[in-house]
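Presented below is the structure to which this report refers.
For the numbers below, each heavy atom of this structure counts, side chains included, while hydrogens, waters and symmetry mates do not.
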Amino acid sequence: MTKDKKKAGDKKAVKAAKAAKQEKKAGKKDIKQTTKNKDVDSDAESVDLDEVLAQYAKEQEQYLSITEEPCEPPKARTSGTIIGNPANDNELFLYGGEYFNGATVNFYNDLFVYNIKKDLWSKVTSPNSPLPRSGHAWCRAANTKEIYLFGGEFSSPKQGTFYHYNDFWKLDPTSREWTRIESKGKASSPPARSGHRMVGFKQYIILFGGFQDTSATTKYLNDIWIFDCVNFVWHTPKLPSARAVPDARSSFTLLPHEQGAVIYGGYSRVRAATGGKQQQLKGKKQQSGGGGATRMVLKPKVHDDTWFIRIIPPPADQPSTTLPTVSWERRKRPANPPNPSRAGATMAFHKGRGIMFGGVHDVEESEEGIDSEFFNQLFVWNIERNRYMPLNLRRPKANANKKAAQQANVSRRDRARADEEELLANLKALEMKVGGAAEPASDDEVEKEKEQDEEEDTRPEKPRLYEFPHPRFNAALTVQGDTLYIYGGTFEKGDREFTFDELWSLNLNHLDGVVEIFKRELEDWQGSEDEADSEEEDEDSDEEDEDDGTSTAPTSVADSPVAAPTKEVPEEDMGTTEEISALTDKLPHPRPFESRRAFYERTSEAWQNVILDEMNYGAAGQMKTPKEIKKAAFDRAEEKWWDCREEIRSLEDEQEAAGIGEVVSLADKESGGAGGGVGRRR
């Protein structure tokens, strides 16, 4: 990674002629490095970040109101954030980030809105919005439709000095208005940081980890903070003293759970001893000039552990200011995790699962050199079952009677999509009826919902690929509806990093290829071309040119701090490494090639009985109306459908390989609806 990688002077694979050429350039590189260090020192002395940020705030005050204007897709950036609009299924939000052209870095505080159906971008300007930053975290609230943002970092143009934020913001997704949140009373708030993660749970926002950089020292964090969205106050929960806690880390995954949240992976740097016997062991792969002395060095650590944050809200009869009970539980290692372990693999939440993409695995060749392998694989992590499964794209299949099969597939696809759209529309109407008694929608809100529903899909046809985008790490992911969106990311080649300026989408149900929403090539790198050329010469003999992206940002997973070494903690019994099938329990489960609508129609009565049984054995406060029972039954059926999706898809593949294209029940045949509601996998 950018700051952790130190290039070896000579590689084993380099030919003698190229080695001689490199020696000639060595003096030139030393001079350039010295000049670069002087530039950084000069930058640190001459730039007052407080003054720069104050100027940004003053310029922002020039805007008299919130405006939203059509624009081109956002400029290339890394370490920004993307999220689906909680109040509108047809929109995505993109905020912040940074861009490095090899010489200077530029930070952004733009808020962009992407209209999915119209394939249009717009830029929001506001007199009151967070200042430019990257490495921040934001999340949806669990009990409302607001989006919360905390922290991040800013630096001088040449990265001589850094500034970490500790401000907390709320974004109204409908009006696009930012509001800075100040904690009530004398309550403390989380210290400044970046690389942290946040997630919503009931009326709370959970914040964990990240790192701090104070110029003199840097460190990773493992503190947990809870924000109460009702009482507008932060607090650090009192944890059981006998329980283990996760190691300090940043760039990890934090996903919601019905009883709190779960953590997976992350990155940090820890102190480790090297030299002596360890140095001799490394000599098996390469010669070492080290003596017998042992010294402490900083080693990158890619975490592959999982943790559960259990949060128990206070009883209903307690005062509203009563704090929840919080505890950590270490889960066992997930089944079938990505191998090798990787840093910078990002994950988005979808229907009780985490969707993971990309990452990088570093192999330390010596104390000065690291060889990296980048990935573009897609995995799904079933959170409850603690199991990973790979997701593969589905190519169109050629049949003997191609035209007839194509027509049949189109009709089945149209029927299935129409059925699912109708079902989701009915569910939305049911939700409005169920929730309407508590809080009626205003006329403006009803009108906006009508406009959203009536908005036509005017997207032009986009390129569709049947292979995943170029390998990368730190891509920004989000899921809106059942579609995964992949924005940006970073790839390294030699001494140069490439920031991808592109946005892709993938239907997680059909897996029918990745759609290129936009993709642009950038050629404005202003860093040292000699270093990049030298690296290309080193790897000419065994690598192909992979210039799919362009310029880079200097910040990456391994960009910062040092984590203090922590003791190994024993595993607890939350989860298991044994594979548990979603098809072995006594609950209804979908059949191969069965759509969500068909599954719900077939099992609706069974799911309603499950809800009724839970009510009979539960507390009196759990009683539901018939409409609420139907909605709960649909939610449980949809949850089960996605819980089984990967296993059912494997069965579909097996049946298709055996020549079975579609399963039709006898009831469907007798009713004349052989194809209705039962769709082939697409």
Under a 4.5 Å cut-off applied to non-hydrogen side-chain atoms, are [X] and [Y] in contact?
X	Y	value
Pro469	Asn376	no
Leu391	Leu511	yes
Trp169	Trp138	no
Trp504	Val515	no
Phe252	Pro246	no
Asp223	Pro191	yes
Leu149	Leu171	no
Tyr114	Asp119	yes

Quick one: pull up [atom1] in [X] and [atom2] in [Y] and give me the separation to the nearest 0.5 Å.
X	Y	atom1	atom2	value
His350	Asp482	NE2	CG	4.0 Å
Leu49	Ser155	CG	OG	7.5 Å
Lys519	Leu503	NZ	CG	12.5 Å
Lys493	Ser372	NZ	OG	12.5 Å
Phe473	Glu492	CZ	CD	4.5 Å
Leu393	Leu506	CG	CG	6.0 Å

Is it true that, when you exclude [X] itself, more than 12 heavy atoms of the residues, nucleotides or ligands shown sit nearer than 6.0 Å to its [atom1]?
X	atom1	result
Gln55	CD	yes
Lys462	NZ	yes
Tyr63	OH	no

Tell me whether [X] contacts the main-chain N or O of [Y] through its side chain, where contact means a donor paired with an acceptor under 3.5 Å.
X	Y	answer
Ser251	Gly344	no
Arg133	Gly96	no
Arg180	Trp178	no
Gln480	Asn85	yes
Lys301	Ser268	no
Glu373	Arg342	no
Arg249	Gly265	yes
Arg472	Gly488	yes
Thr346	Ala475	yes
Asn474	Thr490	no

How about Ser79 and Glu98: does a side-chain donor come under 3.5 Å of a side-chain acceptor?
no
Answer yes if the side chains of Asp247 and Asn222 hold a donor-acceptor pair under 3.5 Å, and no otherwise.
no
Check Asp110 with Arg77, please: is the shortest side-chain N to carboxylate O separation under 4.0 Å?
yes
Flag the pair Glu72 and Arg520 as a salt bridge only when some basic side-chain nitrogen lies within less than 4.0 angstrom of an acidic carboxylate oxygen.
no
Heavy-atom pair of closest approach, residues [X] and [Y]:
X	Y	value
Ser134	Thr78	CB-O, 4.4 Å
Ser126	Ile66	OG-CG1, 3.9 Å
Tyr267	Pro300	OH-CB, 3.0 Å
Pro190	Asn166	O-CB, 3.7 Å
Gly200	Cys139	N-SG, 4.0 Å
His196	Leu207	CD2-CD1, 4.0 Å

How are the rings of [X] and [Y] set to each other: parallel, tilted or perpendicular (split at 30° and 60°)?
X	Y	answer
Phe518	Trp121	perpendicular
Trp234	Phe150	perpendicular
Tyr388	Tyr264	tilted

Please assess Ser194 against Phe211 for the test side chain to side chain contact (heavy atoms under 4.5 Å, CB included), listing each intermediate value before the final yes or no.
CA-CA 6 Å; Ser194 60; Phe211 66 83; 3.3 Å; yes
Qualifying residues under salt bridge (Lys or Arg N to Asp or Glu O under 4.0 Å), relative to Arg140, sequence neighbours excluded
none
Check the pair Lys170 / Asp172 against side chain to side chain contact (heavy atoms under 4.5 Å, CB included), numbers first and verdict last.
CA-CA 7 Å; Lys170 179 177 71 174; Asp172 185 317; over 6 Å; no
Show your reasoning for whether side chain to side chain contact (heavy atoms under 4.5 Å, CB included) applies to Leu255 and Trp381.
CA-CA 11 Å; Leu255 300 179; Trp381 178 36; 4.1 Å; yes
Check whether the ring centres of His136 and Tyr95 lie less than 6.0 Å apart, and answer yes or no.
yes
Could you check, using the six-membered ring where one of them is a Trp, whether Tyr165 and Tyr163 have ring centers closer than 6.0 angstrom?
yes
Is there a side chain to side chain contact (heavy atoms under 4.5 Å, CB included) between Ile355 and Leu378? Walk through the geometry before answering.
CA-CA 7 Å; Ile355 311 298; Leu378 193 69; 3.8 Å; yes
Among all residues two or more places apart in sequence or in another chain, which pass the side-chain contact (heavy atoms from CB on, under 4.5 Å) test with Pro132?
Tyr56, Phe107, Asn109, Phe154
